[in-house]
Protein chains: 2
Amino acid sequence: MPTIKDVAIRAGVTVTTVSRVLNNRGYISQSTREKVHRVMKEMHYQPNEIARSLTRKRSMMLGMIIPTIAHPFFGELTNYIENYASSLGYKLLICNSRMDKQKEKEYIDMLKSNRVDGVIMGSHTLDVEEYVKLKQPIVTFDRRIADIPYVSSDNYKGGVLAAELLLNKGCKKIAHICGNLSLDLLGNKRSEGFIETLRHRSMEPAVIELGTDVFEHSDYERVILKLLQEHPDVDGLFASSDIIAMNVIKVCSSLGIKIPEQLKLIGYDDIQFAALMNPSITTIRQPLEEMAKLAVDLIDRLAAAETVPLEHILPVTIVERETT
Amino acid sequence: MPTIKDVAIRAGVTVTTVSRVLNNRGYISQSTREKVHRVMKEMHYQPNEIARSLTRKRSMMLGMIIPTIAHPFFGELTNYIENYASSLGYKLLICNSRMDKQKEKEYIDMLKSNRVDGVIMGSHTLDVEEYVKLKQPIVTFDRRIADIPYVSSDNYKGGVLAAELLLNKGCKKIAHICGNLSLDLLGNKRSEGFIETLRHRSMEPAVIELGTDVFEHSDYERVILKLLQEHPDVDGLFASSDIIAMNVIKVCSSLGIKIPEQLKLIGYDDIQFAALMNPSITTIRQPLEEMAKLAVDLIDRLAAAETVPLEHILPVTIVERETT
DNA sequence: GACCTTATGTCAAGCGCTTGACATGTCAAA
DNA sequence: TTTGACATGTCAAGCGCTTGACATAAGGTC
């Protein structure tokens, strides 16, 4: 591959001159500029970004750590993040932590070594100090850690909305299935909002907590089956993610429980499949695209040494479909 | 951040010595090695991978270009690729081309500039010459271009299996919905295998081709609706992807067509949602994990200047579920 | 004519790391 | 004592690019 030096020689100027036209700095005559450009074309010159990163001390690279990109929620989120990041000139390095503490740690070290300009954390098995020792700008999804800026949807409000809709639909016996509450995630507020709202109406929902293993769907089905068998009178259910809701539909179908006639179901996230499911899922919609943009903007501003507010809670909306 | 020089000074040796212990080369006494390691720990030293990439002329970075990571097929594929790549020490840069020729071109340039060690192409809007000018190792998914190695499932066989199953189930009027055949993709062989098998039995399926826009699901529904209305007697349908099959289920449900009683449906890919759908989808399974590993291995060998075979067609299996 | 401004370039150090070439010391065998 | 084989380090060039510091020349202004 030709280097800047090769271009300079061929164009009959010095590397500084070539660098100047490359970076639009200093004074360069039109004719020189054109000649340099022509030579670059001729030689198929592509500036070596690695070398540039080294001198500029800026890699224009972002790291993103998530449980797995195969999960539709993270897939959609990452998609938005990559789209927006690339429009700002950033590249995206993805890291599937698989919710493994060790891997998460290794990825953090790797990202540091690669001098990424910032990291977006969507996987949270680590303790506070691990984050803090990271010197790069960080933004977190759905978790508040020390003084690291975070982005989340209004989880509490989402829970409230779900409760109110089930109540309005006349549900008498309500249940809730949520992820593992032992992880310190803001997503847990969905459950809080939901439960507290019901309690205001003197109702106590049956609550079931799932394991931390995002990948084991068969486990989901087992737990849901148990819930539905132990509480056959349940007529309203709030699942803390659309994936869980999909599993509920599946189990109900096998049990012959009709949705929404016998059981009304609400999910959370509004991933694309919520609408594609049969029946399509009523859900609490997170504004994923805005959340993604916000996260990238925060990193961008942090990288420019700006100080940014810590808390970024975006509004949710309820999307009514066929399950209610 | 401390540099190798800082470590050297603090440890009372030269940078060469530190570099040697970092890379395990040459002779280093146990005591020196330990001292250096201790100092690195103390200073929280992290070797600058950018600088290392520059001298080694090896970035240990792979680029992956796909239409969108939000699509579950690519999400799952990318997940496997990242998992395996990271086990070999590679990092993964993702690029969502959105099936946009211009973007695809820009990403290719970007990856070249960043001197990635290889690129995995899963998005194919570009013409042959664009690929060939790329000097890095490339591997392609589902497309044969010049002498670039490619990985795909046995698409033709998949089509045959689907046809045979529908026939065995006694379907009399069969239809097929496929992606856009104008793109030069190996996936088109699914349709070939399917149609040719039916013709051997003197049947001619109704075939509908979808647009190239992977993102416009509402378009899918419209087309499917039209097919089902124009051919109300269709009792067997092969969709060339599970996503399409999901849309079919949705439309059938709205039309009151019972699956599998009135219509038997087969998808392709076996993405996770195929099993989660209601009814769960019978589908042709691609061995995604092996395909992912194979692609990474190919890149790895290409990067080591090995020559590798061009064609890598992996076997498919049919997974029977509730839609047949 | 002296001085300033603007235009157009060149020089060379430095970013953090690797590595071939070279020096020095130690020790056992001849 | 000499020699050779290790063992343990150091020197310095180079990877490709950026950039502050420094020429040089051409016009303008007073």
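Naming: A, B, ... by sequence-line order, numbering from 1 per chain. Everything numeric here is computed off the predicted structure, so don't read it as measured data.
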Checklist entry - What pairs with A70(B) under side-chain contact (heavy atoms from CB on, under 4.5 Å), at least two apart in sequence or on another chain? => result E76(A), N79(A), Q272(A), T68(B)
Item to check | Any residue meeting ring pair (Phe, Tyr, Trp, His ring centres under 6.0 Å) with F141(A), in chain and number order, not counting sequence neighbours | outcome: none
Could you state the [atom1]-[atom2] distance from [X] to [N], rounded to the nearest angstrom?
{"X": "R115(A)", "N": "dC15(C)", "atom1": "CZ", "atom2": "C1'", "value": "11 Å"}
{"X": "M60(A)", "N": "dT18(D)", "atom1": "CE", "atom2": "C1'", "value": "16 Å"}
{"X": "R25(B)", "N": "dT8(D)", "atom1": "CZ", "atom2": "P", "value": "17 Å"}

So, does [X] use its side chain to make a donor-acceptor pair with the main chain of [Y] at under 3.5 Å?
{"X": "S59(A)", "Y": "R115(A)", "value": "yes"}
{"X": "D300(A)", "Y": "V296(A)", "value": "no"}
{"X": "T78(A)", "Y": "F74(A)", "value": "yes"}
{"X": "Q46(B)", "Y": "D109(A)", "value": "yes"}

Checklist entry - Have N23(A) and S19(A) got a donor and an acceptor in their side chains that come within less than 3.5 Å? => result yes
Next on the checklist: Checking side-chain polar atoms at under 3.5 Å, does Y107(B) have a donor or acceptor matched by the opposite partner on N96(B)?
Outcome noted: no
Could you list all N or O pairs between the protein and nucleotides 8-12 of chain C that sit under 3.5 Å apart?
residue: dG9(C); atom: OP1; partner: T32(A); partner atom: OG1; Å: 2.8
residue: dG9(C); atom: OP2; partner: S29(A); partner atom: N; Å: 3.4
residue: dG9(C); atom: OP2; partner: S29(A); partner atom: OG; Å: 3.4
residue: dG9(C); atom: OP2; partner: T32(A); partner atom: OG1; Å: 2.8
residue: dT10(C); atom: OP2; partner: T14(A); partner atom: N; Å: 3.2
residue: dT10(C); atom: OP2; partner: T14(A); partner atom: OG1; Å: 2.8
residue: dT10(C); atom: OP2; partner: T17(A); partner atom: OG1; Å: 2.7
residue: dT10(C); atom: O4; partner: R20(A); partner atom: NH2; Å: 3.2
residue: dC11(C); atom: N4; partner: T16(A); partner atom: OG1; Å: 2.6
residue: dA12(C); atom: N6; partner: T16(A); partner atom: OG1; Å: 3.3

Checklist entry - Quick one: is dT19(D) close enough that its OP1 or OP2 comes under 4.0 Å of any side-chain N or O from N23(A)? => result no
Next on the checklist: Please determine whether a side-chain nitrogen or oxygen atom of K57(A) lies at a distance below 4.0 Å from atom OP1 or OP2 of dG16(C).
Outcome noted: yes
Checklist entry - Quick one, which residues of residues 37-52 of chain A touch DNA chain C with a heavy atom under 4.0 Å? => result none
Checklist entry - So which pairs with a foot in residues 35-51 of chain A pass salt bridge (charged side-chain N to carboxylate O under 4.0 Å, His left out), sequence neighbours left out? => result R10(A)-E42(A), R38(A)-E42(A), E49(A)-R52(A)
Checklist entry - Is K112(B) atom NZ crowded by more than 12 heavy atoms from other residues, nucleotides or ligands, each under 6.0 Å away? => result yes
Item to check | Sugar-phosphate, base or nothing in reach of S19(B), heavy atoms under 4.0 Å | outcome: base
Checklist outcome for this item: The residue among I145(B), T140(B), D142(B) that forms side-chain contact (heavy atoms from CB on, under 4.5 Å) with Y150(B) is T140(B)
Checklist entry - Angle, rounded to 10°, between the helical axes spanning five pairs at each terminus of the helix from dG1(C)-dC30(D) to dA30(C)-dT1(D)? => result 60°
